[in-house]
Amino acid sequence: METQTRVTTKTYYTSNSDDVTIEITYSNSVSVSLQLDWTQVIRGQITVRCQIQGGGDTQWVYDWETTSGQTITHRTYTNSWTASAFSSGGYRCRGTNRQDPYSSTRWSEAAALTVSDAVLTLDPSRSRYFTGESVTFTCDKKDDKRTEWKTRLIKDGGEIASYSGYIIKILSTGDSGRYQCFSVHRKTNHIKRSGTIDLTVSAERPKARLTAGPSTISVGGSVTLSCSVDGSDGWKYDWFRSAALIRTNTESNSIRITDGGNYYCRGGRGNPVYYTQNSVSVTVEETVSNQAAVKRQHDWPEIFKGEEITLTCEIQAGGDTEWEYEWTQGNRRRTPDGRKLWVFTASGSSSGNYKCRGRQKTNSYSFTAWSDPLRLTVTAFKPKAELRSDETDIPVGGSVTLSCSVTSSSGWKYYWYRHKSSEVLITQDGETSVSQEGLYWCRGGRGNPVYYTQYSDSVSINKNVPNKVVVTLHPNWTQLFSGETITVRCEMDDRGDTEWEYEWKTPRTTNTQQNEVNISSASSSHSGNYSCRGRMRNAQHNTTEWSQSIRLTVSYRKAQCVLTASPSWLSPGASVALSCEVEPPSAGWRFYWYQTVPDGSHSSYRYELLPGSEHGTEQGSYMLDGHTHTAGYVCRAARGEPVYYTDYSKAAFVWSGDVDPSASLTVSPDTVQHFTRDSVSLSCEGNSAEWRVRRFPEGGFLSSCSHWTTSGSRCDIYTSQSGSAVFWCESGSGHFSNSVNITVHDAGLILMSPVRPVTEGLSVSLSCKLKTGQKASSVFFYHNEQLIQNDSRVELNISAVSKSHEGFYKCWYQGTESPQSWMAVNASKTSNGKVPVMLVVGLVCGVGLLLLLLLLSCHFRRSKGSCFIRPTQSGTLWISKTTPSVSQNQNQSEARVYESVNDSENTGKDEDVPYSVIELKSFEKNRRQHKPAESSVYSDLKIRPADVCSVSDDALLYVQVKHSKDRRKRVKGKPSAAATDEAVYSQVKPGTSFGYDAAM
């Protein structure tokens, strides 16, 4: 059986192709025509028609197209299209079947349209026309064949004439508007149109304007007249003088004239001539050569209200000419009256400049020039005379001079009066002498009729009596302060039986006639001079001379006390001097002295009176003996009755580095100098529950570094700026701690030195610190500007500090020098335990022998004029002396004393301090020696230098006293000291600094 397989295939389609439009063109003939209708043309429109031949019943849609510069396409459902704007170019059309948009006719041939310009002109051409003038409109088509054109004149879009020439003979305001002309060719599609012209017709007849520059003809000169019509043109001008035509129809708008008169002008234009209104007349004056001048009867610089003034106008070289006169005051002309004199009474409005001129009677336009102005100043108020006197007191047997004057005016006579009596004297110079006491007045008068001033103020003239007065102060203080009380008294010698009253000159008005001025509460207004005089009560013009003045100065501020303390840093047990001064300086004070006591309940201090100042001290100084610890002090002063107190002074502090067990301040790190931006911590310790840290910066004010706290006080400082300050602690129980000085430096190198004083005998190390925090090596150390170490060691070590080590220290490293700091040294405190007998014996013997040795040595050297000091090869300096023998029971052997000073550098020994060896050799033949105790005695001895051989106060020396073992002697009642291997050391102060032991 045969098997058949059937295969089925599926058709695959591509995307559709782009559309292709197939249009069908009809064979119908199409034509286009243009319809130029005037109603459309003047509005800028034309109508185009499309004709399709053999179209049958087909319904058409019409497409339109222009072939001008910018193609325009349009579609209508009728065969006509009205174009809203036309320009030169062609128009064509075609038809499309309404039922089949792809079937249409061919495009018609284009119908051509020509559009060109015409020119509309006005004759005459004016910028502005006036009612009554005429104008001709002409539309120029630039074509000689005018008959082939139809022309229309259009005004504001409406036709007014149908020909190219149109005349409006009498213009009215209704003719104003916008004009344009159109022309259409009779045979072709050709349109001409002009641009628009605006025509403005003014209803009011214009008026000419005449100007003259200037309006006065100078002698031998001329003046130019100018005529114009504003806002229009095309005018010619007619000129008139006093209504007579002098020039006509001039094209120039200006003429020159040489005669004075009254002139006007007018303008005219067109045919027939259209005239403007006549201009306002202008008066032109002609100046003659004569000069006018204003004269015044009295040449007074100032005139007063009520005075009579006469002015005269004078014309030079006037000859026989008859003149009339004109006057002006400022810008106002006086009503003409032709008078040469002007007489008037001055008033407040009379001030100003006065001028005049003359006018010839025979020619009213011929004048002189105006005169120069005469300035009058009229004062509205009546002047007042001023009476002065060189003295108001007539001395015994003498007289005084009175002067009367009127300010800033002249021409016065002066009238004098005494006790309001009639005139006693008239003078010209305003001065008179009087020898009678009394009350005087004066006044001035001038002019005819006489014009009087007001009376002067009266002046009282007194006659002096021989009594003398003096001003005294009670209390006698010339410097006062606000609120104090004082009495100023006028005291007179030899008052006799006369009753007196008193007159005062004081800074403030006082009406008292008593001999005292009481100031119960002084103020700054009381500052000034005080003087007085006496006046007889029964003869008021009989007085004493004025006393010498006393000056009081009253400060408006309360008196201030300024307290200073010296020294500000204490040495143990030193005395402190307090000094209190009152500012400003003044007398009569008692001073009160107080110690400041910290008060845990307040931020300030309470004050406790110091002994002996309960009633104040007359002196402004106070001594404090045996001062040991940091403390603060204030003062104030008082005087007068009732008592006037100054304010308390600012606190002055005395600082001590000594540590008080009840209050102490510690600093970490323990050094005086610090770098900026270092952190420093200050802590308070002692027997108190409350503490605070105080700070007093250099040149600044006291402040708190920390406030009261019950858990111990600590102040952490972040040193951001260079400076120096003193710090200390204060306890709530009223104690001050030791004070420390902290300095901050923005340098590359600082000295590390302790902030507290170092006790004698202890060791101390100084070093230099770089800003990097490392200690510098190979440093140069200086003590009081003297180099004391310059090797490679890092520290300056002093193993046993003495008073000679006190002073200023600084260091130098690789060109950089640290600031210097003070290192204080305190004396060591003596032990309170029992001293062995041999220690006392050794100390007494050592000190006695050393003193004897030094005294004899210095005495001997003074007699020789030099010191006998010899160096030896061993490095020990030996000083040989022979001392007199000491007799005990009339039997004493000689003793030879030697002193040796070992130099550690020469011997190579590392000794802490050099020492002297004093060897005592006792020679006794018949006495038994007793064995001494084995002991060493140390003695601290300070020797004042006497001459160049003496030692200095500033260094320490240990003296070793050796006793010989070979010979012994007894002293009655006591065993003699035996020479043993043990040495007795005595500490004395030599003249050079030594004992520095520096180690790495």
Side-chain angles (χ1 to χ4, degrees), residues 386-403 433-441 456-557 559 584-589 639-641 644:
E386 181 182 5
L387 178 61
R388 297 186 304 275
S389 174
D390 57 347
E391 295 288 343
T392 57
D393 296 330
I394 302 173
V396 178
S399 63
V400 296
T401 299
L402 302 180
S403 300
S433 294
V434 297
S435 57
Q436 289 182 295
E437 72 277 7
L439 209 58
Y440 287 85
W441 290 267
S456 70
D457 293 332
S458 62
V459 172
S460 179
I461 301 299
N462 303 305
K463 180 176 281 189
N464 285 345
V465 295
N467 304 68
K468 301 293 183 183
V469 291
V470 64
V471 175
T472 58
L473 302 177
H474 304 276
N476 188 22
W477 303 333
T478 57
Q479 172 68 59
L480 298 177
F481 298 91
S482 180
E484 287 196 283
T485 299
I486 196 169
T487 298
V488 186
R489 186 172 299 157
C490 188
E491 298 183 356
M492 181 185 297
D493 60 347
D494 192 18
R495 294 167 53 96
D497 297 331
T498 306
E499 292 187 1
W500 297 89
E501 56 189 34
Y502 296 87
E503 186 177 348
W504 289 89
K505 289 181 181 178
T506 64
R508 296 175 60 174
T509 302
T510 178
N511 296 321
T512 183
Q513 295 180 344
Q514 303 300 316
N515 70 329
E516 288 185 354
V517 174
N518 295 310
I519 302 174
S520 59
S521 180
S523 66
S524 57
S525 63
H526 290 103
S527 294
N529 293 322
Y530 289 76
S531 61
C532 69
R533 69 177 176 182
R535 185 185 302 277
M536 291 183 178
R537 187 162 293 176
N538 58 356
Q540 286 291 298
H541 293 287
N542 289 341
T543 66
T544 67
E545 292 182 351
W546 284 98
S547 70
Q548 293 290 328
S549 63
I550 286 183
R551 182 167 186 81
L552 284 184
T553 301
V554 182
S555 175
Y556 71 91
R557 291 184 300 182
S586 48
W589 299 99
R639 70 178 184 182
E641 184 62 40
Y644 173 87

If you round to the nearest 0.5 Å, how far is CD of Gln540 from CG of Leu439? 11.5 Å

Can you tell me how far OG1 of Thr392 sits from CD of Glu437, rounded to the nearest 0.5 angstrom? 13.0 Å

For Ser527, the side chain to side chain contact (heavy atoms under 4.5 Å, CB included) test, sequence neighbours excluded, returns Val554

Would a distance-only check, ignoring hydrogens and angles, find a side-chain to backbone donor-acceptor pair under 3.5 Å from Trp441 to Leu387? no

When Ile519, Thr478, Asn518 are each screened for side chain to side chain contact (heavy atoms under 4.5 Å, CB included) with Ile486, the one that passes is Ile519

Value rounded to 0.5 Å, distance of CH2 in Trp504 from OG in Ser531: 8.5 Å

Checking Arg489 against Asn515 for the side chain to side chain contact (heavy atoms under 4.5 Å, CB included) test, could you report, in this order, the C-alpha distance in whole Å, the side-chain angles of both residues, the deciding distance, and whether it holds? CA-CA 6 Å; Arg489 186 172 299 157; Asn515 70 329; 4.2 Å; yes

Validation row: Asp390, Val400 side chains within 4.5 angstrom (heavy atoms): yes

What's the separation between atom NE2 in His526 and atom OG in Ser482, rounded to the nearest 0.5 Å? 10.0 Å

With no hydrogens and no angle check, do the side chains of Ser525 and Ser523 hold a donor and an acceptor under 3.5 Å apart? yes

With sequence neighbours excluded, tell me which residues meet side chain to side chain contact (heavy atoms under 4.5 Å, CB included) with Gln479. Phe481, Thr553, Ser555, Pro584, Ser586

Which heavy atom of Val471 sits nearest to which heavy atom of Tyr530, and what is that distance? CG2-O, 4.0 Å

In this structure, CG of Asn538 is separated from CD of Glu499 (nearest 0.5 Å) by 7.5 Å

Can you check whether Val469's main-chain N or O pairs, donor with acceptor, with Ser547's side chain at less than 3.5 Å? no

Test salt bridge (Lys or Arg N to Asp or Glu O under 4.0 Å) applied to Arg533 and Glu491, Glu503, Glu501, the passing residue: Glu503

Correct closest heavy-atom pair for Thr485 and Pro475 would be O-CD, 4.2 Å

CZ on Arg551 to CG on Asn529, rounded to 0.5 Å: 5.0 Å

Using side-chain heavy atoms (C-beta onward) and a distance below 4.5 Å, is Asn464 in contact with Ile394? no

Nearest heavy-atom contact between Pro507 and Gly528 is CG-CA, 3.4 Å

Please confirm whether the backbone N or O of Tyr502 pairs with a side-chain atom of Arg535, one donor and one acceptor, at under 3.5 Å? no

Below 4.5 Å, heavy atoms only, C-beta onward: do Val465 and Thr498 meet side chain to side chain? no

Any side-chain heavy-atom pair from Arg639 and Glu484 closer than 4.5 angstrom? yes

Minimal heavy-atom distance between Ser399 and Ser433, with the atoms involved, is OG-CB, 4.5 Å

Count the heavy atoms belonging to other residues, nucleotides or ligands that lie under 6.0 Å from CZ of Arg557, then report whether that count exceeds 12. no

Heavy-atom closest contact (Gly534 atom, Trp500 atom, distance): C-CE3, 3.7 Å

Nearest heavy-atom neighbours spanning Thr544 and Met492: CG2-CE, 4.0 Å

I'd like to check the salt bridge (Lys or Arg N to Asp or Glu O under 4.0 Å) partners of Glu545; sequence neighbours left out, ordered by chain and number. Lys468

Side chain to side chain, Val488 and Leu552, heavy atoms closer than 4.5 Å: yes

